[in-house]
Q: 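Got a structure for you, written out below as structure tokens; questions coming shortly.
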Amino acid sequence: MTNREIAAALEEVADLLEFQGANPFRVRAYRNGAQKVKDAPKSLLTIVGDSGAEALTAIDGVGKDLAEKIAELATSGTLAMLDELRAEVPASVMALMRVPGMGPKKAATLHKELGVQSLDQLRAACEAGEVQKLKGFGKKTEETILAGIEHAAKAGERVRWADADAIVQRLLAHMDGVEAIKRREPAGSYRRGKETVGDLDLLVDVGATMDAKTVATVMDRFGEFEGVAEVIARGDTKMSIRLDSGLQIDLRCVPSESFGAALQYFTGSKEHNVEVRGRAKARGLKVSEWGVFNTADDTRIAGDTEEEVYAAIGLPCFPPELRENRQEFAAAEAGELPRLIELSDLRGDLHMHTSATDGRGTLREMVAAARQRGLEYIAITDHSKRVTMAHGLDADRLRAQWKEIDLVNEELQAEGAEFVVLKGIECDILEAGPMDLPDDVLAEADWVIASLHYGQNQPRAKIMERLLGAVAHPSVSIVAHPTGRLIGKRASYDVEVNELIAACVEHGKLLELNANPMRLDLDDVNCAAAKAAGVPIVISSDAHSTEGLDVLRYGVLQARRAGLEQWDVFNTRRFNFWEADKASGLFPRASVAWRNKPVTEKIAYFLARHRAALTKGDNKAAAFCKQDIGYSIGWLVEQSFKKDKVTWPNVWIDGGWYTNLTIGKDRWTAEGWLVAVQGQEKWRLAPFVGQFQLSETTVSPYKIDIGLRPSAFEKHDEWSIPYTRDASRDEALRKALADRENWPTHFAG
DNA sequence: GCCGTTTTCGGCCCGACTGTTTTCAGTCG
Ligand SMILES: Nc1nc2c(ncn2[C@H]2C[C@H](O)[C@@H](COP(=O)(O)OP(=O)(O)OP(=O)(O)O)O2)c(=O)[nH]1
Ligand SMILES: [Mg+2]
Ligand SMILES: [Mg+2]
Ligand SMILES: [Zn+2]
């Protein structure tokens, strides 16, 4: 069984147990287990096969019992316990709980007292007036149930984020202008950037006090939103509506002083909140949407901002995309919370179509649109001939397109534009296995995308054979939309993503995060797995029109949920890196074998290439190599400061060789307090003291050296100290470093 | 069912809204 199927089975167990009135915490354990299975980056079947069921208990929240049940599901595809539960409670009875407001207790009562077996029988019972006679039920309840049966079919339906976004923007516009609204923020799964949302959640700051009249103006306006079918509930602080489409929108009003705490609460996820609140409790604190309170004397200690709330319990303010109770708490504790990628980090788009196949924009229109959007390079990747519906390209038409691209590049160059168009192709992996175009054509391309569009119903073995064959093909750069899923429409074909990732590791290939809001493929969990394995991700629009380029932001959201940082994504790189990769014989640089090398080895490699290039008189290649040495050193410096607990590793003195360390403002943000500055001949590290200008380059009296061994470092004991960051020491160091007159002659740490 | 530098037993997040309740249970966020 796949992880997804295992999770669904555990979910069902939880529902059935809940219906039977089992211990709620036991029910939670199953739900929690299901969530963990969904979030697991590896196939659990593989884990069980390799290491046995025991190994599953390494997953937080999975103990001996759940491990055995998961193993049973994974290997046999069935679970004895689930079969028994199903025999006791028919599926049609479970369907009763899909009626809004109907939980396990009410459903069980109806089943027991009235013998209701299905939604149809429930409707009949309501219409016969039998429901209102039950204890705990009344006329109103009966009416609500009857009306709710209509919604049962749509229960659990989710809306794609991009579609939700359109509604959110309209809702915000609708609410704007209400005087009582001081601040407002869409929260919930929408704010977390989840690929689909179950409902919309809007938080409103209504000012210093929760005056009933003020709140009423907000709620009245909310109730007048276009397409409101029904007001589900309306109280003193919150209100819920349902639109004609069935989509629910929740509104929550809070006073200003609680806005931060409320935003923390309303952003969720539920599981994240439970963890936060549990941790607070262990510290003698209580967290709710109203604020953070001391349990002992009920004094309020935080609530204005989210930062404050998290800080009160010793946690960093997590980016909303990470608040899923996956790895974020462990990462925070290890000081390894990622600095997430942003849309502005993307410099290129490496998957798009033109009117030569099924795109609507011409080559030149796509180029203009990409430039207008601030991109620095694109790859044109039209379909290959197998995609007859799109009038896919054969070798001749492809080569003709490449001639045109050459022309465009020449024009760009003449214009002085720093923009490059790459000659690419989205080549189908044929049903039988081979690539759709001959090897000699593919070898000429700058960028080859392999896609599996046909034969998606083949068995796993065949699918994997095709995918792995493509990855092993020497000209293929990347696999596009690797699972083939269409959100809410079509499940992925039968692919074992871990094997695909492993093959990419072996062959130095890349994987796509297709940013089309219907695809988002690879998804967050798989992207995280790729990152863990060291496989770079390419976020691509797969645009079929100029406007199609704008979907990149959805891809970035998904990437952020995966915890990807700027350099985990291949197309955040400047195009000159690309050239540098070719110059240094390392294309694509981001290949795993290369990435896994210690930085010192990389520098040694570039040094050798640099010398060789000089000997050959190839100044351009030499310059690239020189630049790479600079970047590598910069990377080392940056890594050292990214983590709170890390001390500078292996920086030691050794004269003799200097290079251009170029750390531009746009490449390294000066968030830390140390920046490296380009010198004429030598290097210096300078403290970043706010007013410090990067343009202020000076010849440094300092030498910086990269050491391979800590032992080489020890001889500098007299001036180096291990340094662990904390606020007070940082401040002291900052002061010392600001006093330029008295700088030491060497830096290291 | 899971979990453990205050626990191997006894906890497991906390609050709002509804309906029917004479004091709170059920459901939901
Ligand atoms: N503390 C706490 N907060 C909750 C609970 N349930 C929901 N919340 C908070 C966190 C959620 O993100 C937020 C909105 O609730 P929703 O039911 O709309 O969930 P969410 O938006 O996360 O996902 P969705 O896509 O709507 O299913 O309310 C809960 O049981 N406890
Ligand atoms: Mg929601
Ligand atoms: Mg909601
Ligand atoms: Zn495409």
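In what follows, every chain begins at residue 1, and chains take the letters A, B, ... in the order their sequences are listed.
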Q: Using a heavy-atom cut-off of 4.0 Å across all strands, would you classify Arg234(A) as base, sugar-phosphate, or nothing?
A: sugar-phosphate
Q: Would you say the side chain of Glu179(A) lies within less than 4.5 Å of the side chain of Thr217(A), judging by non-hydrogen atoms?
A: no
Q: Determine the Euclidean distance between corresponding P atoms of dT22(B) and dG10(B); express it in Å to zero decimal places.
A: 36 Å
Q: Would you mind classifying the nucleic acid contact of Gly136(A) as base, sugar-phosphate or nothing, using non-hydrogen atoms under 4.0 angstrom?
A: sugar-phosphate
Q: With sugar-phosphate meaning primed atoms plus P, OP1 and OP2, does Gln248(A) contact a base, only sugar-phosphate, or nothing at under 4.0 Å between heavy atoms?
A: sugar-phosphate
Q: Mind checking if Lys270(A) touches a base, just sugar-phosphate, or nothing, with heavy atoms under 4.0 Å?
A: base
Q: For a 4.5 angstrom cut-off between non-hydrogen side-chain atoms, does Ser245(A) reach Glu157(A)?
A: no
Q: Between dG11(B) and dT21(B), how far is it from one P atom to the other, in whole Å?
A: 33 Å
Q: If you define the side chain from C-beta out and look only at heavy atoms, does anything of Lys38(A) sit under 4.5 Å from Val525(A)?
A: no
Q: Using a 4.0 Å heavy-atom cut-off across all strands, classify Pro24(A) as base, sugar-phosphate, or nothing.
A: nothing
Q: Does Arg485(A) form a salt bridge (Lys or Arg N to Asp or Glu O under 4.0 Å) with Glu195(A)? I'd like the steps, not just the answer.
A: CA-CA 13 Å; Arg485(A) 69 146 175 185; Glu195(A) 62 196 28; 2.8 Å; yes
Q: Could you let me know what dT8(B) is paired to, Watson-Crick or G-U wobble, both distances under 3.5 Å, or none if it's on its own?
A: none
Q: Heavy atoms only, 4.0 Å cut-off, all strands: where does Val62(A) land among base, sugar-phosphate and nothing?
A: sugar-phosphate
Q: May I have all residue pairs that pass salt bridge (charged side-chain N to carboxylate O under 4.0 Å, His left out) and include part of residues 205-217 of chain A, sequence neighbours excluded?
A: Arg183(A)-Asp205(A)
Q: Going by atom type alone, with no hydrogens or angles, which donor-acceptor pairs under 3.5 Å involve a side-chain atom of residues 107-115 of chain A and a protein atom two or more places apart or on another chain?
A:
residue: Thr109(A); atom: OG1; partner: Lys105(A); partner atom: O; Å: 2.8
residue: His111(A); atom: ND1; partner: Val116(A); partner atom: O; Å: 3.0

Q: Is the side chain of Glu5(A) donor-acceptor paired with the backbone N or O of Met1(A) at a distance under 3.5 Å, no angle test?
A: no
Q: Determine the interatomic distance between C1' on dG4(B) and the same-named atom on dT8(B); round to the nearest Å.
A: 8 Å
Q: Which comes earlier along DNA chain B counting from the 5' end, the contact point of Gly103(A) or that of Gly278(A), where each point is its nearest nucleotide?
A: Gly278(A)
Q: Just checking Tyr30(A): base, sugar-phosphate only, or nothing, at a heavy-atom cut-off of under 4.0 Å?
A: sugar-phosphate
Q: Report which part of the nucleic acid Lys135(A) touches: base, sugar-phosphate, or nothing (heavy-atom distance under 4.0 Å, all strands).
A: nothing
Q: How far, in whole Å, is dT6(B) from dG1(B) if one measures between their P atoms?
A: 28 Å
Q: Looking only at side-chain N and O atoms, does Thr299(A) offer a donor or acceptor that is under 3.5 Å from a partner on Asp297(A)?
A: yes
Q: Under 4.0 angstrom, heavy atoms only, what part of the nucleic acid is Val287(A) near: base, sugar-phosphate, or nothing?
A: sugar-phosphate
Q: Taking for each residue the nucleotide of DNA chain B with the nearest heavy atom, is it Asp65(A) or Asn273(A) whose nucleotide lies nearer the 5' end?
A: Asp65(A)
Q: Just the endpoints, please: which first and last nucleotides of DNA chain B, 5' to 3', lie under 4.0 Å from a heavy atom of chain A?
A: dG1(B) to dG29(B)
Q: What nucleic acid atoms does Lys69(A) come within less than 4.0 Å of, heavy atoms only: base, sugar-phosphate, or nothing?
A: sugar-phosphate
Q: For atom C1', what is the distance between dC2(B) and dC17(B), given to the nearest Å?
A: 32 Å
Q: Please measure how far the P atom in dT20(B) lies from the corresponding atom in dG26(B), and state the result in whole Å.
A: 14 Å
